[in-house]
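This chain uses plain numbering: 1 for the first residue, then up along the sequence.
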Amino acid sequence: LDSSGTAAVRQANAKRFSEVANKTEHQPSLIITSPPYCNAIEYTRRHRLESEWLGLWDGGSLAEIRNSRISTSREFFGSHTLRQSTLDEVSAVPHKEIEETIQTIETDKQQEKKANRLRKYFLDAYDWLSELYEALPSGGLLCMTVGPSTSYGVNIDTPRFLREIATDAVGFDTESKRRYTYKNNKMQYPTDGPSTEYEELMKLRKR
């Protein structure tokens with residue numbers, strides 16, 4: 001069969017995406033991504049087979065790799081291992097409805113730590129989406145799929161919130177958006193509360 005192209009794998013911080021693109025001298029015209037939720041899945045455990053297949057697994061045990069990465073994992077987008085000092089310094093999210101939703105969890109549900117984790121997640125989303133915007137050329141396309149979640153009985157419309165950050169604060173235009181329902185929404189790890197029933201696929205164009 002004829003080759004359809006070449007591929008290169010880079011391991012780097014997604015919150016510094018444009019820096020990575022500049023170092024590799026490859027400006028992407030298309031970015032396809034599924035961002036993590038708050039309390040990100042431990043992808044080392046979830047995707048060991050894929051990592052071995054791609055040659056990214058160094059042969060260590062899960063425990064060894066987890067312990068060696070615990071300090072850097074605190075910086076992950078969606079990390080649940082944030083230091084208390086980091087949570088104490090988190091500011092309000094500039095998006096009014098996101099902040100009101102978080103305040104409901106903080107005040108009505110009396111879950112201050114969870115509320116600050118959510119604040120950190122959405123504040124990181126501003127930085128992350130700005131990095132993707134910076135890396136794309138004019139007219140470049142960002143395709144993103146993500147679903148809503150529930151925390152302590154409070155619905156969090158993550159797809160809409162991320163889309164509004166991308167358009168209102170960062171500078172993308174919404175080209176299209178659609179929802180699709182999960183056929184099997186039972187994941188391979190325990191979840192708290194109701195399972196996600198659908199995800200939203202959105203296409204965002206850089207102005």
Kindly indicate whether the side chain of Cys143, heavy atoms from C-beta on, has any atom under 4.5 Å from the side chain of Leu30. yes
Using the rule that Ile, Leu, Val, Met, Phe, Trp and Tyr join whenever any side-chain heavy atoms are under 4.5 Å apart, tell me whether Phe172 and Leu201 fall into a single cluster. no
In plain terms, say whether Arg160 and Glu200 are close enough for a salt bridge, that is, a side-chain N and a carboxylate O under 4.0 Å apart. no
Kindly work out whether a path of hydrophobic side-chain contacts (I/L/V/M/F/W/Y, heavy atoms less than 4.5 Å apart) joins Leu123 to Ile102. yes
Can you measure from CE (Met144) to CD1 (Ile32) and round to the nearest 0.5 angstrom? 13.0 Å
A cation-pi test, strictly: NZ or CZ of Lys206 under 6.0 Å from the centre of the six-membered ring of Tyr133 and no more than 45 degrees from its axis. Yes or no? yes
Any side-chain heavy atom of Pro148 sitting closer than 4.5 Å to one from Asn155? no
Could you state the interatomic distance from CG (Asp127) to CG (Leu132), rounded to the nearest 0.5 Å? 11.0 Å
Side-chain heavy-atom pair Tyr121, Asn116 within 4.5 angstrom cut-off: no
Do Leu141 and Val146 sit in one hydrophobic cluster, given that two such residues count as connected whenever their side-chain heavy atoms are within less than 4.5 Å of each other, even indirectly? no
Test salt bridge (Lys or Arg N to Asp or Glu O under 4.0 Å) on Lys114 and Glu106; report intermediate values, then the result. CA-CA 7 Å; Lys114 174 62 176 182; Glu106 182 175 40; over 6 Å; no
Distance-only, no hydrogens or angles: does the Ser34 side chain make a donor-acceptor pair with backbone N or O of Thr145 under 3.5 Å? yes
Could you tell me whether Phe161 and His95 have their ring centroids closer than 6.0 angstrom? yes
If Ile, Leu, Val, Met, Phe, Trp and Tyr residues are connected whenever their side-chain heavy atoms lie under 4.5 Å apart, and connections chain through other members, are Val90 and Leu118 in the same group? yes
With the side chain counted from C-beta on, respond yes when Arg119 and Glu99 share a heavy-atom pair under 4.5 Å apart, and no when they do not. yes
What residue among Arg205, Arg163, Lys203 forms salt bridge (charged side-chain N to carboxylate O under 4.0 Å, His left out) with Glu175? Arg205
Could you report the tightest heavy-atom contact between Ser29 and Pro137, atom names first, then the distance? CA-CD, 4.0 Å
Same cluster for Ile98 and Tyr152 if Ile/Leu/Val/Met/Phe/Trp/Tyr side chains link at under 4.5 Å? yes
Decide yes or no for Leu129 and Leu142: does some side-chain heavy atom of the first lie under 4.5 Å from some side-chain heavy atom of the second? yes
If every non-hydrogen atom of Ile105 is compared with every non-hydrogen atom of Ala115, which pair is closest and at what distance? CG2-N, 4.4 Å
If you take all heavy atoms of Gly147 and Thr158, which pair is closest and at what distance? O-CB, 3.6 Å
Chi angles and distances behind the side-chain contact (heavy atoms from CB on, under 4.5 Å) call for Leu136, Ile31: CA-CA 8 Å; Leu136 286 167; Ile31 296 173; 3.8 Å; yes
Rounded to the nearest 0.5 Å, what separates atom OG1 in Thr174 from atom CD in Glu164? 9.0 Å
Check: Gly171 main-chain N/O paired with Arg207 side-chain donor or acceptor under 3.5 Å: yes
Step by step, would you call Thr101 with Val154 a side-chain contact (heavy atoms from CB on, under 4.5 Å)? CA-CA 8 Å; Thr101 301; Val154 178; 3.7 Å; yes
Are any of the side-chain heavy atoms of Pro28 and Phe17 separated by less than 4.5 Å? yes
